[in-house]
Amino acid sequence: MRAKTGGGAAAAAWPEHLATHARLVKSASPDVLYATTAMRAYLRACLPLQSLLLLRGLLPRAPRLLANSFSLSVALQACASAAAPAALGASLHACALRSGFAAADLFVRTAIVEMYAKCGRVDLARTAFDEAPRRDVFLCNVMLAAYVARCEVAEARKVFDGMRAKDLVSWNTMLHGYAVRGQVGMAREIFDGTEGRDVFSWSSMISAYAKGRRSKEALELWREMLAVGIVPDCITLVSVLAACSDLAALHIGADVHQFVESNMVELDLKLGTALIDMYAKCGDIDSAHRVFDAMPAKDVLTWSSMIIGMANHGLGHDSLRLFSKMISEGMKPNGITFIGVLIACTHVGLVSDGKKHFRSMSEEHGVEPTVEHYGCMVDLLGRAGHVEEARQLIRSMPFEPDAIIWRALLGACRIHKNVEVAEEAMAKLRVLDPLGDGHYVLLSNIYAQANSWEGVAEMRKTIKRESIQRIPGRSSIEWEKTIHDFISGDRSHPRSKEIYSMLEEMMDRLRQAGYKPMTDLVLQDIDETSKVRSLAEHSEKLAIAFGLLTTLPKSTIRITKNLRACEDCHSAIKFISLVYGRKLIVRDRNRFHHFSEGQCSCKDYW
DNA sequence: GTCACTTGAA
């Protein structure tokens, strides 16, 4: 691992530097060379604050510290890395101008530009850049990185295009600029134009795809990278795992884990957390837990990921127990941790625990609730049937309620058949999120439950009139390390014929076991038989039929869906688990459902 | 002797 991320090599020589530091602090007139060396040692060991403290302590006693260009540039680097107060950096800049180093020494000039950039003054960085009598690749790269860090990609591109000579760092920085902005197409253009691509190039491009939720392309690139013989580092693996999590590609993710086990000495914090997240999101919560237990050091994110993972698997009590353990071990929770805690309560219906934790956030842990936490509370109360209390909470909250809040209330109205509050929520949603397709379907289902067929017809008309694009339900399943996607009524799969005959057999067996199609849920204005067929061809059922075709008897089938689980499918899958003697793990938009022996882990509370 | 790549939720 490189020193910047791991710090291994620098840390090994540490006692020596401590001795140097002690000598310097005691000395009346500190030696300039020692001082510079000590500052550099701190910088290399990723301790910029120490470096800055040393600089400030020594400056009054060692004015000659700034009298040679090397020491001066190290001092500037200390300011840059520790984001020092602007005044200190500016005084070093003035010093560099007085001594003539700013003009004569490119290294000093570069350090000045970087110092201003890292202290948040890109304007001054730019001035120093423009005033440079000469510019080399390094100087340009620093300016380029400054714009990229502020997401000013257009400015970055101007610098990039203006460079007479570019090295690999220039290309990689530009690529990263597009990657963080989610401009995947531009990123790919730069990637394709890069000669001699290294781990940085590949990692950036993979993360661009992962960030843009083009996870299949991310994994394709990952394969290509291995084929070309590039050795991945921790950062590459974290991005690859993010793509696996998104796609629920458990077996590819497990390969990455295998790679880590056989090649890395110990689990890096971020990589470990990414592994936990991957296993949890791919439906294998036990493996997530094993990685968690094996990690030698954990930070808030590690704990939060595990808490959230268990919460999403409906293991509310375990999740809360882990939270208590985290607190008792002295780890300070953050806002995300509490999102996990509230989700844990929501998925199991622990209303009073949820209220208690919500109160304790600011009172005991100094974490102020955000609109997202209020969203979780509305969800928690509403789902548990306290619709009126949820409505009161929305009125009393210190934020303007957003679409997500009203959407949560609307969801509660569907479960608890509250047409009146549903209409109020819908009125708000029409303003805040007029194109969101889900609410119209929800309200329509609420009308259907209340036998208000005029209401259903009205919703159908509204969807048509306002040309709301309904997001199609999509389910996927991993087979032989490839993700197979299905949409409702899909016939595009190469094995479509087999899938449909399996589906037919499956539906017959379910009906014999007592399954009844919930045709009321079908929004289209079609006859009963067509409604039954429409339900039977839901994407979940197609994916499961494919799973039954391709997996061994008794093995677990894992399905991922982009929307909330459909009620008819939820009921059908319970029958499937019984009739076929299979475990099925379904990830929907919100949580996991573990089906076994005719029951679901959510106990129909979701 | 400097510059570039990363995770958590609704």
Side-chain angles (χ1 to χ4, degrees), chain A residues 2 4-5 36-37 40 43-44 69-71 73-74 76-77 80-81 105-115 117-118 136-146 148-149 156 167-177 179-180 194 198-208 210-211 232-242 245 268-278 280-281 299-309 311-312 334-343 346 370-379 402-405 407-408 411 589-591:
Chain A
R2 61 186 63 236
K4 202 162 184 175
T5 49
T36 309
T37 313
R40 283 201 67 230
L43 287 175
R44 304 199 109 199
S69 69
F70 181 47
S71 301
S73 46
V74 173
L76 281 160
Q77 280 165 32
S81 309
D105 190 320
L106 254 177
F107 190 38
V108 172
R109 170 69 64 172
T110 308
I112 291 167
V113 172
E114 196 191 3
M115 180 274 295
K118 293 255 171 88
D136 65 354
V137 195
F138 278 113
L139 181 57
C140 294
N141 283 348
V142 169
M143 196 63 236
L144 187 58
V148 164
D167 65 3
L168 192 52
V169 175
S170 327
W171 287 89
N172 285 345
T173 308
M174 197 61 240
L175 169 55
H176 174 59
V180 288
T194 308
D198 64 355
V199 212
F200 278 70
S201 329
W202 288 89
S203 297
S204 298
M205 196 60 230
I206 290 173
S207 98
K211 269 218 171 78
D233 62 9
C234 286
I235 291 168
T236 326
L237 299 176
V238 168
S239 294
V240 173
L241 287 171
S245 304
D268 163 88
L269 250 179
K270 289 172 180 175
L271 182 54
T273 305
L275 273 172
I276 292 172
D277 186 51
M278 180 279 292
K281 283 191 177 151
D299 66 358
V300 212
L301 271 67
T302 317
W303 286 93
S304 302
S305 295
M306 197 62 231
I307 290 170
I308 290 166
N312 281 333
N334 65 15
I336 305 289
T337 321
F338 279 103
I339 296 274
V341 168
L342 296 178
I343 292 174
T346 303
T370 63
V371 69
E372 286 86 356
H373 296 103
Y374 277 91
C376 289
M377 282 309 287
V378 170
D379 198 14
D402 61 8
I404 295 164
I405 298 260
R407 175 59 189 262
R589 199 192 155 93
N590 297 325
R591 60 169 296 163

Tell me which nucleotide among [options] gets nearest to the side chain of [X].
X: A:Lys270; options: B:dT2, B:dT7, B:dA4; result: B:dT7
X: A:Ala145; options: B:dA4, B:dC5, B:dG8; result: B:dA4
X: A:Glu114; options: B:dG8, B:dA4, B:dC3; result: B:dC3
X: A:Lys211; options: B:dT7, B:dA4, B:dT2; result: B:dT7
X: A:Val180; options: B:dA10, B:dT6, B:dT2; result: B:dT6
X: A:Val169; options: B:dC3, B:dC5, B:dT6; result: B:dC3
X: A:Val238; options: B:dT6, B:dG8, B:dC5; result: B:dT6
X: A:Ile404; options: B:dA9, B:dA10, B:dT2; result: B:dA10

Using a heavy-atom cut-off of 4.0 Å across all strands, would you classify [X] as base, sugar-phosphate, or nothing?
X: A:Ser203; answer: base
X: A:Asn334; answer: base
X: A:Leu269; answer: nothing
X: A:Ile339; answer: base
X: A:Ser245; answer: nothing
X: A:Arg40; answer: sugar-phosphate
X: A:Thr110; answer: base
X: A:Asp198; answer: base

| said: Show the nearest heavy-atom pair for residues A:Val371 and A:Ile405, with the distance to one decimal. | reply: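 Result for this residue pair: O-CD1, 3.8 Å.
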| task | Write down the atom of A:Val199, the atom of A:Thr236, and the distance for their closest heavy-atom approach. | result |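 Closest approach of A:Val199 to A:Thr236, heavy atoms only: CG1-OG1, 3.7 Å.
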Using whole Å, what does the distance between atom [atom2] of nucleotide [N] and atom [atom1] of [X] come to?
X: A:Ile307; N: B:dT7; atom1: CD1; atom2: C1'; result: 15 Å
X: A:Leu139; N: B:dG1; atom1: CG; atom2: P; result: 19 Å
X: A:Asp105; N: B:dT2; atom1: CG; atom2: C1'; result: 11 Å

| said: Please enumerate all residues that pass side chain to side chain donor-acceptor pair (under 3.5 Å) together with A:Ser239, with sequence neighbours excluded. | reply: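 A:Ser239: no side chain to side chain donor-acceptor pair (under 3.5 Å) contacts found.
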| With sequence neighbours excluded, residues passing side chain to side chain donor-acceptor pair (under 3.5 Å) with A:Asp136 |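 A:Asp136 satisfies side chain to side chain donor-acceptor pair (under 3.5 Å) with no residue once adjacent residues are dropped.
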| request: Could you check A:Leu271 against A:Leu241 for side-chain contact (heavy atoms from CB on, under 4.5 Å), going step by step and ending with a plain yes or no? | output: CA-CA 9 Å; A:Leu271 182 54; A:Leu241 287 171; 3.8 Å; yes
| query | Is there a donor and acceptor pair, one atom on the side chain of A:Thr337 and one on the base of B:dG8, closer than 3.5 Å? | reply |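 Absent.
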| task | Verify the contact: side-chain N or O of A:His176 to OP1 or OP2 of B:dC5, cut-off strictly under 4.0 Å; return yes or no. | result |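 Yes, such a contact exists.
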